[in-house]
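Only heavy atoms go into these numbers, but all of them, side chains included; no hydrogens, no water, no symmetry mates. All chains are named by letter (A, B, ...) in the order of the sequence lines, taking the proteins before the strands, and each is independently numbered beginning at 1.
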Amino acid sequence: MMDKGASNFIHEIIERDIAAGKHGGRVHTRFPPEPNGYLHIGHAKSICLNFGTAAKYNGLCNLRFDDTNPTKEDPEYVEAIKEDVRWLGFDWEEREYYASDYFEQLYQYAVRLIEMGKAYVCDLSAEEIRAFRGTLTEPGRESPYRNRSPQENLDLFARMRAGEFPDGSRTLRAKIDMASGNLNMRDPVMYRIMRATHHRTGDAWCIYPTYDFTHCLSDSIEGITHSLCTLEFEDHRPLYDWFLDQLGVFHPQQIEFARLNLSYTVMSKRKLLKLVEGGHVAGWDDPRMPTLSGLRRRGCPPEAIRAFCDRIGVAKSNSVVDLALLEHAIREALDPRAPRRMAVLDPLKVVITNYPEDQEEELPAANHPKDPSMGERPVPFCREIYIERDDFMEDPPKKFYRLAPGREVRLRYAYFVRCQEVVKDDSGRIVELRCTYDPETRGGNAPDGRKVKATIHWVSARHAVPAEVRLYDRLFSEPDPAARERAGQDFIAALNPDSLVVRPNARIEPSLASARPGEPFQFERLGYFTQDGPDSTAGRPVFNRTVSLRDQWAKLKHKTKTG
RNA sequence: UGGGGCGUCGUCAAGUGGUAAGACACAGGACUUUGACUCCUGCAUUCGGAGGUUCGAAUCCUCCCGCCCCAGCCA
């Protein structure tokens, strides 16, 4: 990257470090997920920051799995995470690391701390440790085991590793300061006894290092120069500094930034898991989820996410980014390269009474109105077509200028048609429109120069392919669903009942039959869509709406309804 | 009278003592064979509040107010 100048406070720090010759001007970052769940757009911010920063300063960025808790981790997540990072467009080359690869080294560091009299084996139970820790306003009390000799600690720690003690019976603790105002410094646990099979080390260990002990040293081992993490770890930095300084090892600089929050969704793994397990969504990759797999399935291109992350900035204040900004980034990425197609979601049959029954023709339609290089495709036309039910009103309000009785509109890339008759069933529901077309207007222009107020989309009834189309909206109807929890309620109650609307009887133009999942299209006047991978079948494709088009008419309608 | 952070437009966010960038949103208008795209225009006399320093303060000082995080052998 050739970007000049700092674009955020982290880059400022880095540029200062480079100028000062710190680490010889080297920049090395890392993205350190725990393989216990799927990545979401909040992680994308961190991924873009870490990989982007390395690229900007000609440095490197590692992918490191922080796998220190075997009871929560799974290789399935490792694979999913790798796929997502790759999809987002980043490459960690051969630098795929695992904290579990450092277990032996970490053990030796712990031994060294014990020898220095800076760590001790504690026999207190979890409950006792909590009780001894004190509170936010009161200091803690020292463990009665705090002053064991290094020899005794060494022996006990070795026996912990050897499996001589039951789970949870002892811990290795750092000997720091039980009176510290920073709870993290009150003799934090470094190792716990936990007989669990680790996804990579199997049953080689029955003691596992805690995140706090592991993370800072993993960064150190990898020579990370700038360890970027979220705000909640600011309190942990003094502890990391303590471990690093006591051990006298390479000392990365940790810099904290605010995590991403998006309006109308939730971002915590716990809440996302609840949505999945509670059946409120179809899975981690449900297109309504803020997960990267969900966004991908929905049709969001990775460059849109990268552009979004560039725009939201990096700072330290807690903030909630407007979902509209993400949608904007998606439209911006899709508009120039999504071929246009026609699809009718809620079909209303139109019979063109003066068009011969047995006649058919193919009309050329541009794949992109502004990019001729994208070519065109033929769209079949015949006597019976479908138009969008919304595009007709029997008794139109003032600003509605689509089809209505007696009115003429243009069928995109086809002809002008005029509505002559409205056919209804017994219940009064409109089932068909009978129109006439003007053969002189083929292609969409009238030789006599007359104008129409609207151009509507359509598909040939005889040629169109039946499809299911899924329309997505914000998952929650409130900007901050998590606020429900703060009010003592369940955030599930804030779910938007209309977040998924299925159009089971859609008709799509024939050229769409060969679409592939993930391939973007703009269904003219409706939005950007992509074929769904998992749920499409040969005879019945399913299309997901990635994002709608901006719609002034909808806004107008809403305004008059509410206003 | 625990510790650590943060407060600049509706939402993000620049600004680093010299007189409030930009983006999204919103509101008008132009263009239009997508009510799309694109293009114009408008949108903080004011930076959480009050004092103070200074020729000059969002930037420096003092006090106050508000919000977030921390009491896992989770990460």
Integer-rounded Å distance: B:rC73 C1' and A:D167 CG: 10 Å
A:R133 side chain near B:rG72 phosphate (N/O to OP1/OP2, under 4.0 Å): yes
Side chains of residues 230-240 of chain A: which donor-acceptor pairs under 3.5 Å do they make with residues two or more places apart or in other chains?
{"from": "A:T230", "atom 1": "OG1", "to": "A:E232", "atom 2": "OE1", "distance (Å)": "3.1"}
{"from": "A:T230", "atom 1": "OG1", "to": "A:E232", "atom 2": "OE2", "distance (Å)": "3.1"}
{"from": "A:E232", "atom 1": "OE2", "to": "A:R259", "atom 2": "NH1", "distance (Å)": "2.9"}
{"from": "A:E234", "atom 1": "OE2", "to": "A:K316", "atom 2": "NZ", "distance (Å)": "2.4"}
{"from": "A:H236", "atom 1": "ND1", "to": "A:D212", "atom 2": "OD1", "distance (Å)": "2.8"}
{"from": "A:H236", "atom 1": "ND1", "to": "A:D212", "atom 2": "OD2", "distance (Å)": "3.3"}
{"from": "A:R237", "atom 1": "NE", "to": "A:E256", "atom 2": "OE2", "distance (Å)": "2.6"}
{"from": "A:R237", "atom 1": "NH2", "to": "A:E256", "atom 2": "OE1", "distance (Å)": "3.2"}
{"from": "A:R237", "atom 1": "NH2", "to": "A:E256", "atom 2": "OE2", "distance (Å)": "3.3"}
{"from": "A:Y240", "atom 1": "OH", "to": "A:D212", "atom 2": "OD1", "distance (Å)": "2.9"}

Sugar-phosphate, base or nothing in reach of A:P369, heavy atoms under 4.0 Å: base
Sugar-phosphate only, base, or nothing, as touched by A:K453 at under 4.0 Å among non-hydrogen atoms: nothing
Atom pair distance, as rounded to whole Å: NZ in A:K451 and P in B:rU32: 8 Å
Phosphate contact (B:rG2 OP1 or OP2) by A:T135 side-chain N/O below 4.0 Å: no
Short side-chain N/O contact from A:Q522 to OP1 or OP2 of B:rA36, under 4.0 Å: no
Check: A:D235 side chain, B:rG3 base, donor-acceptor under 3.5 Å: yes
Residue mapping more 5' on RNA chain B - nearest nucleotide basis, A:S7 or A:E34: A:S7
Distance below 4.0 Å between A:K370 side-chain N/O and B:rU34 OP1 or OP2: no
Sugar-phosphate only, base, or nothing, as touched by A:K269 at under 4.0 Å among non-hydrogen atoms: nothing
Selected nucleotide, minimal atom distance to A:D335 side chain, candidates B:rA13, B:rC37, B:rC73: B:rC37
Salt-bridge criterion met for A:D219 and A:R64 (N-O under 4.0 Å): yes
Sugar-phosphate only, base, or nothing, as touched by A:V314 at under 4.0 Å among non-hydrogen atoms: sugar-phosphate
Touch class at under 4.0 angstrom, heavy-atom based, for A:H236 against every strand present: base
Phosphate OP1/OP2 of B:rC37: any A:R331 side-chain N/O under 4.0 Å: no
Anti/syn call for B:rG7, syn if |chi| within 90°: anti
Touch class at under 4.0 angstrom, heavy-atom based, for A:L136 against every strand present: base
Salt-bridge criterion met for A:R486 and A:D480 (N-O under 4.0 Å): yes
side-chain N/O A:R402 vs B:rU34 OP1/OP2, d < 4.0 Å: no
Separation of B:rA25 P from A:L262 CG (nearest whole Å): 14 Å
Sidechain N-carboxylate O distance under 4.0 Å for A:R525, A:D391: yes
From B:rC74, B:rU34, B:rC37, nucleotide with atom closest to A:R412 side chain: B:rU34
Distance test, side-chain N/O of A:R192 to OP1/OP2 of B:rC74, below 4.0 Å: yes
Basic-acidic side-chain contact under 4.0 Å: A:E222, A:R30: no
Phosphate OP1/OP2 of B:rA13: any A:S317 side-chain N/O under 4.0 Å: yes
Touch class at under 4.0 angstrom, heavy-atom based, for A:L239 against every strand present: nothing
Touch class at under 4.0 angstrom, heavy-atom based, for A:Y401 against every strand present: base
Sugar-phosphate only, base, or nothing, as touched by A:E327 at under 4.0 Å among non-hydrogen atoms: nothing
A:R311 versus A:H328, side-chain donor and acceptor atoms under 3.5 Å: yes
Shortest side-chain distance from A:D322, nucleotide among B:rA36, B:rU11, B:rC73: B:rU11
Pair A:D335 + A:R340: basic N to acidic O under 4.0 Å: yes
d(CG, A:D480; C1', B:rC67) in whole Å: 13 Å
Short side-chain N/O contact to B:rG35 OP1/OP2 from A:R550, under 4.0 Å: no
Sugar-phosphate, base or nothing in reach of A:R340, heavy atoms under 4.0 Å: base
A:R311 side-chain proximity, nearest of B:rU16, B:rA71, B:rC24: B:rC24
Geometric cation-pi criterion, A:R200 with A:Y98: 6.0 Å, 45°: yes
Touch class at under 4.0 angstrom, heavy-atom based, for A:S125 against every strand present: base
Nucleotide B:rA75, atom P - distance to CZ of A:R270 in whole Å: 18 Å
Verdict with supporting geometry, A:E388 and A:W458, side chain to side chain contact (heavy atoms under 4.5 Å, CB included): CA-CA 7 Å; A:E388 209 68 65; A:W458 54 276; over 6 Å; no
Touch class at under 4.0 angstrom, heavy-atom based, for A:I129 against every strand present: base
Minimum-distance nucleotide (side-chain atoms of A:Q552 versus B:rA36, B:rC24, B:rU34): B:rA36
A:L231 side chain, from C-beta outward: closest of B:rA75, B:rG5, B:rA71: B:rG5
Touch class at under 4.0 angstrom, heavy-atom based, for A:N445 against every strand present: base
Phosphate OP1/OP2 of B:rG35: any A:R525 side-chain N/O under 4.0 Å: yes
Touch class at under 4.0 angstrom, heavy-atom based, for A:F400 against every strand present: base
Test: A:R341 cationic atom under 6.0 Å from A:F521 six-membered ring centre, within 45° of axis: no
Atom-pair distance (CG on A:L183; P on B:rG3), nearest Å: 12 Å
Options B:rC12, B:rU34, B:rC26, nucleotide nearest the side-chain atoms of A:E524: B:rU34
Nucleotide B:rA36, atom P - distance to NZ of A:K555 in whole Å: 9 Å
Nucleotide B:rC73, atom P - distance to CG of A:D187 in whole Å: 12 Å
Nearest listed nucleotide, side chain of A:T137, among B:rG35, B:rG2, B:rC24: B:rG2
side-chain N/O A:H457 vs B:rU34 OP1/OP2, d < 4.0 Å: no
Out of B:rC70, B:rC26, B:rC12, whichever nucleotide has its closest atom nearest the side chain of A:V320: B:rC12
Complement of B:rC73, any strand, by Watson-Crick or G-U distances under 3.5 angstrom: none
Nearest listed nucleotide, side chain of A:F233, among B:rU38, B:rA75, B:rG72: B:rA75
Comparing A:A315 and A:A414 on RNA chain B - which has the more 5′ nearest nucleotide: A:A315
